[in-house]
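Before any comments, here is the structure.
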Amino acid sequence: RKTAGFLALAFRTARLVMNYDIAQGTRIGGREINQDRAAWHATDKAVLMVVADGMGGHLQGEVAAQIAIDTLVERFRAEARPRLANPADFLSAALLLAHRTIVRYAADCRIPAHVAPRTTCIACVVQDGNASWAHAGDSRLYLIHQHPEGPAKVAHTRDHSVVQRM
């Protein structure tokens, strides 16, 4: 099984300073081309983390994943000065822009729609001690909340897939 992702730990806003650790890893699995992409970008007040996984069965999934990553990071750099006005609105608009950019790329390359580049994507913004996220496809975000009195609680996003709907 191949995976791509981030582990983001210890977010807190002590004296308006965010402390965090980010780790990322990927495994190619049985594919010839690694279609996983991951990136993060931070200001003093906000952090963006993005994972995209090109979809098998479509041409140039790695290109679609890179376009998604590039689009979200570019928009974050332009809009987070040093905070985003509204993280949820940012994520919605940036993911829609990434989708449109991928569709335009496929059209410009004359790639038939049924095999056009596609990617899953999960993006998370941490700002003001809150995490906001948006995703498309079966890439997941896991939220792990440590409790001093007991075991950690784990929540995750629901996949946008036929299997998840069953």
Approximate separation, where rounding is to 0.5 Å, of [X] [atom1] and [Y] [atom2]:
X: Ile67; Y: Glu62; atom1: CD1; atom2: CD; value: 10.0 Å
X: Leu97; Y: Glu74; atom1: CG; atom2: CD; value: 9.0 Å
X: Cys121; Y: Leu72; atom1: SG; atom2: CG; value: 5.5 Å
X: Leu48; Y: Cys124; atom1: CG; atom2: SG; value: 8.5 Å
X: Gln127; Y: Leu84; atom1: CD; atom2: CG; value: 5.0 Å
X: Asp70; Y: Thr101; atom1: CG; atom2: OG1; value: 10.0 Å

*Which salt bridge (Lys or Arg N to Asp or Glu O under 4.0 Å) pairs, counting each pair once, include a residue from residues 81-93, with sequence neighbours left out?*
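Salt bridge (Lys or Arg N to Asp or Glu O under 4.0 Å) check on residues 81-93 returns Arg83-Asp128.
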*Give every residue pair that meets the salt bridge (Lys or Arg N to Asp or Glu O under 4.0 Å) criterion with at least one member in residues 98-116, sequence neighbours excluded.*
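Qualifying pairs, neighbours excluded: none.
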Is there side-chain contact between [X] and [Y], with at least one heavy-atom pair below 4.5 Å?
X: Trp40; Y: Tyr20; answer: yes
X: Ile111; Y: Pro117; answer: yes
X: Arg37; Y: Val51; answer: no
X: Val47; Y: Val125; answer: no
X: Thr120; Y: Met55; answer: yes
X: Met49; Y: Val126; answer: yes

*With a cut-off of 6.0 Å (strictly less than), are more than 12 heavy atoms of other residues, nucleotides or ligands near NE2 of His41?*
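Yes.
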Could you pull out the closest heavy-atom pair between [X] and [Y], with the gap in Å?
X: Thr43; Y: Ala80; result: CG2-O, 3.5 Å
X: Ala65; Y: Gly54; result: CB-N, 3.8 Å
X: Leu95; Y: Ala134; result: CD1-CB, 3.4 Å
X: Ala39; Y: Val73; result: CB-CG2, 4.0 Å
X: Ile102; Y: Ala64; result: CD1-O, 3.4 Å
X: Ala52; Y: Thr119; result: CB-OG1, 3.6 Å

*For the hydrophobic clusters of this structure (ILVMFWY residues joined by side-chain heavy atoms under 4.5 Å, transitively), does one cluster hold both Leu96 and Phe76?*
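No, because Leu96 and Phe76 fall into different hydrophobic clusters, even though each may have its own neighbours under 4.5 Å.
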*Taking it one step at a time, do Thr26 and Asn34 satisfy side-chain contact (heavy atoms from CB on, under 4.5 Å)?*
CA-CA 9 Å; Thr26 184; Asn34 190 342; 3.4 Å; yes
